[in-house]
Structures are given as structure tokens and as C-alpha cells.
Amino acid sequence: MINLKIDPEFQSQIPPLTDDEFKQLEENILKEGKLLSPLIVWGNTLVDGHNRYEIVQEHPEISFSTMPLPFESREEVLAWICKNQLGRRNLTPEQKYYLMGKQYEAEKAAHGGDRKSTDAKSSSLKANLIDSSKTCDRIAEENRVSKDTVIRASRYMRGVEIAEELIPGLKQSILSGQTKVSKADMHRLAKAAYNDRAQTLQDILHPELKAEPTPDADGVIRVPGKAPVMPFRKFESVYDSDAYPEDVRYEYVALEELTTRFRISFNYQLEQMPDNAQRDVILEIIHKHKDYLTSLEAALADVKDQTA
């Protein structure tokens with residue numbers, strides 16, 4: 001019997017069969033007495049046919065053949081596996097989404113070319129961007145989805161793989177639909193800083209345990225590394241009344257609330273930042289918008305004069 005090498009990464013891209021599906025496959029192979037289709041290999045590494053190979057190892061009397069394909073890199077193998085698996089009809093929506101993203105990223109990496117030298121990076125950058133765009137368009141067309149869907153699928157795929165790194169076995173649970181997470185959750189995990197990944201995944205899997213930040217004595221919520229959140233104050237506007245047309249009343253209220261919060265926020269910052277350097281930054285922010293407000297006031301006055 002030919003002894004083939006099993007590559008864990010290649011095998012992990014192939015959605016596993018259920019117990020019933022595996023049993024049915026085994027019965028079919030035993031009935032035929034041989035594998036009707038050859039196992040796809042890259043050198044001595046199995047690329048496609050992992051379930052069938054497992055069965056023939058248990059039944060050495062079953063004959064089989066192999067078909068080598070001329071892949072040039074691991075990325076080409078991964079892209080081929082994903083594209084081949086996408087042709088299956090029994091994929092869950094999560095599996096299909098993951099495979100699309102994995103195929104896109106694998107093909108981009110396969111087309112990356114020589115990235116070792118600075119000259120090679122510079123000369124191939126434009127070509128790589130064009131190749132990536134064409135790759136995305138083709139995968140989108142093959143799967144009858146939009147280009148944006150393929151790009152989002154790649155982010156989802158990265159989130160799922162990070163989840164698997166943190167909790168082995170979670171990938172299969174997510175892709176089978178057993179563990180329910182949203183696409184947005186996986187996008188958030190994919191974008192999380194390395195040191196924040198574990199906590200981000202914990203928050204995704206157990207939102208009920210997420211500790212909400214508590215406000216200080218002055219009502220401000222402070223989280224390290226983030227801008228303070230001002231305390232919420234109920235806003236009442238004189239424009240929210242029947243004295244103003246209903247179709248524009250909301251716009252008046254929104255404008256007044258905006259300017260009121262602007263004033264409250266700057267007053268708070270001036271109270272909390274007595275340092276002159278900090279005050280200079282606040283003044284810089286104010287001056288950026290001062291000219292605009294002046295021109296807006298002048299424009300409104302001109303329109304008023306013209307319609308008077």
C-alpha cells in the first residue's frame with residue numbers, strides 16, 4: 001500500500017463528514033472493492049480524498065490509485081482544496097463563507113511572487129494589486145456573490161482561524177453551526193490587537209459575562225486607551241413642539257442638541273485640562289471650525305435677505 005503524508009492544514013480545510021455520511025461512504029467503497037476515483041496528491045502529500053484514504057487504511061484489500069497535480073506552492077494547494085470543496089452541495093453557510101475567504105487569501109499569497117528583496121516588492125506591487133482584484137472578481141463570479149462578499153469572507157475566515165488558535169476545536173464548532181457567532185463577531189476578532197484577542201473572543205462567546213465600565217463620581221466613563229465618554233444628560237428642546245412644522249422639527253432639535261453638547265463638552269475639557277499645552281490643542285480644534293461657522297452664518301443671512 002502507498003503511504004501518503006497527511007498535512008494537517010490541508011486536511012483542516014475539508015469539512016468533515018457526519019458519522020452517517022462516513023459510514024455510507026465506507027459501505028459504498030467496500031461494495032465496489034476499490035476506489036473509483038484516484039486520490040489527488042502533491043508529491044507524496046494527500047490533497048483530496050482524506051476520508052477515502054482513511055477507509056482504505058482500515059481495509060488494505062481495497063485498491064486505489066493516485067493522481068499527482070503540478071502545484072507550485074502550498075498556497076496553490078490550499079486554493080485548489082477550497083475551490084474543490086465549494087463545489088459540494090452539503091456545505092453549511094458558515095463553511096461556504098469560510099472556504100471563499102480561504103481561497104481568496106490563498107490565491108493572493110500564491111500570486112505574491114518574490115517578496116524577499118526591496119526591488120522585487122516595488123516592481124511587483126502594482127501587478128499584485130491587479131491580480132488580487134481579478135482574483136476577487138473571479139471568485140465572486142464563481143460563487144454568485146459580490147466582490148465585497150468575498151472580501152468580507154476573508155475577514156471572517158481570519159477571525160475563525162484566530163478563534164481556533166485560541167480554543168482548538170472551535171473552528172469546526174463554528175463552521176458546523178453548533179456554536180453561533182455572527183460574521184460581525186469574527187470581523188471584530190480578526191481586527192483585534194494580538195494582546196486583545198483572548199478577551200475579544202471571550203466577550204463574543206459569553207456576552208453575558210462582559211463587564212460594563214462604570215462611570216466615575218463625575219459621571220464620566222474612562223477606559224484605558226480610549227477617549228472618555230461624557231455622562232448622558234436628558235435633552236429637552238424648545239423646538240420639539242407643535243409651534244414648528246413636524247417635517248423639520250427633528251432637524252431643529254438635532255441641531256440644537258449638537259451645539260449644546262459641543263458647549264458642554266468643551267466646558268468640561270477646559271475644566272479638566274488646566275495645562276496650557278492642552279488648552280492650546282482645544283483652541284486649535286475650535287479654530288478649525290470657527291471659519292466654517294462664520295461663513296455658514298453669513299450664507300444663511302444672505303439667503304434670508306434675498307428671500308425677504
Side-chain angles (χ1 to χ4, degrees), residues 8-9 12-13 74-75 78-79 82 93-112 115-116 118 121-122 125 128-129 132-133 135-136 139 146-216 218-232 265 268-269 272-273 275 277-278 281-282 284-285:
E9 185 179 15
S12 69
Q13 309 310 317
R74 290 183 59 85
E75 289 75 23
L78 286 168
C82 293
E94 293 85 0
Q95 288 169 339
K96 183 173 182 179
Y97 206 60
Y98 171 88
L99 288 169
M100 274 198 302
K102 187 69 176 182
Q103 180 186 351
Y104 175 55
E105 291 298 327
E107 291 199 26
K108 280 202 304 180
H111 296 159
R115 296 172 182 268
K116 294 182 180 179
T118 302
K121 288 181 180 179
S122 177
L125 177 58
N128 290 343
L129 290 174
S132 295
S133 179
T135 296
C136 188
I139 294 174
S146 69
K147 181 177 178 179
D148 288 342
T149 297
V150 175
I151 295 173
R152 288 194 294 267
S154 71
R155 296 176 189 147
Y156 175 85
M157 177 276 297
R158 288 198 294 270
V160 171
E161 293 197 337
I162 291 171
E164 176 68 13
E165 292 174 4
L166 295 171
I167 305 178
L170 187 55
K171 171 185 171 181
Q172 170 56 22
S173 183
I174 291 174
L175 298 185
S176 66
Q178 182 178 353
T179 296
K180 301 295 183 182
V181 295
S182 69
K183 295 173 183 176
D185 287 335
M186 291 299 95
H187 293 175
R188 179 156 58 99
L189 181 58
K191 293 189 297 183
Y194 182 82
N195 292 333
D196 295 335
R197 288 176 176 179
Q199 185 59 54
T200 300
L201 181 59
Q202 174 74 5
D203 293 342
I204 290 171
L205 297 177
H206 303 286
E208 73 281 0
L209 301 179
K210 184 177 181 180
E212 295 295 335
T214 55
D216 292 345
D218 57 1
V220 178
I221 297 176
R222 292 182 174 85
V223 177
K226 297 183 178 181
V229 178
M230 302 298 295
F232 176 78
S265 180
Y268 173 83
Q269 297 296 336
Q272 298 298 317
M273 296 184 177
D275 183 80
Q278 294 170 331
V281 174
I282 295 174
E284 179 183 349
I285 295 172

Is there side-chain contact between [X] and [Y], with at least one heavy-atom pair below 4.5 Å?
{"X": "Tyr104", "Y": "Met157", "answer": "no"}
{"X": "Tyr97", "Y": "Thr149", "answer": "yes"}
{"X": "Ile139", "Y": "Lys147", "answer": "no"}
{"X": "Leu205", "Y": "Leu201", "answer": "yes"}
{"X": "Met100", "Y": "Tyr156", "answer": "no"}

Using modelled atom types and a 3.5 Å cut-off, is there a donor and acceptor pairing between side-chain atoms of His187 and backbone atoms of Gly159? no
Quick check: does any side chain N or O of Gln178 sit under 3.5 Å from a backbone N or O of Ile174, one acting as donor and the other as acceptor?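 No: the side chain of Gln178 does not pair with the backbone of Ile174.
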Going from [atom1] on [X] to [atom2] on [Y], what distance comes out if it is rounded to the nearest 0.5 angstrom?
{"X": "Gln172", "Y": "Thr179", "atom1": "CD", "atom2": "OG1", "result": "10.0 Å"}
{"X": "Gln199", "Y": "Leu189", "atom1": "CD", "atom2": "CG", "result": "12.0 Å"}
{"X": "Lys96", "Y": "Cys82", "atom1": "NZ", "atom2": "SG", "result": "13.5 Å"}

Can you see which heavy atom on Ser12 is nearest to which on Glu9, and at what distance? OG-O, 2.8 Å
Working note: Glu107 + Gln103, criterion side-chain hydrogen bond (donor to acceptor under 3.5 Å, both in side chains); need CA distance, chi angles, decisive distance, verdict. CA-CA 6 Å; Glu107 291 199 26; Gln103 180 186 351; 3.0 Å; yes
Summary of salt bridge (charged side-chain N to carboxylate O under 4.0 Å, His left out) pairs that have at least one residue in residues 158-172, sequence neighbours excluded: Lys102-Glu161, Glu105-Arg158
Are Lys108 and Glu75 close enough for a salt bridge, meaning some N to O gap below 4.0 Å?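 So Lys108 does not pair with Glu75 through a salt bridge.
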Quick one: do Thr200 and Lys191 satisfy side chain to side chain contact (heavy atoms under 4.5 Å, CB included)? Show the steps, please. CA-CA 10 Å; Thr200 300; Lys191 293 189 297 183; over 6 Å; no
Test side chain to side chain contact (heavy atoms under 4.5 Å, CB included) on Leu170 and Leu166; report intermediate values, then the result. CA-CA 9 Å; Leu170 187 55; Leu166 295 171; over 6 Å; no
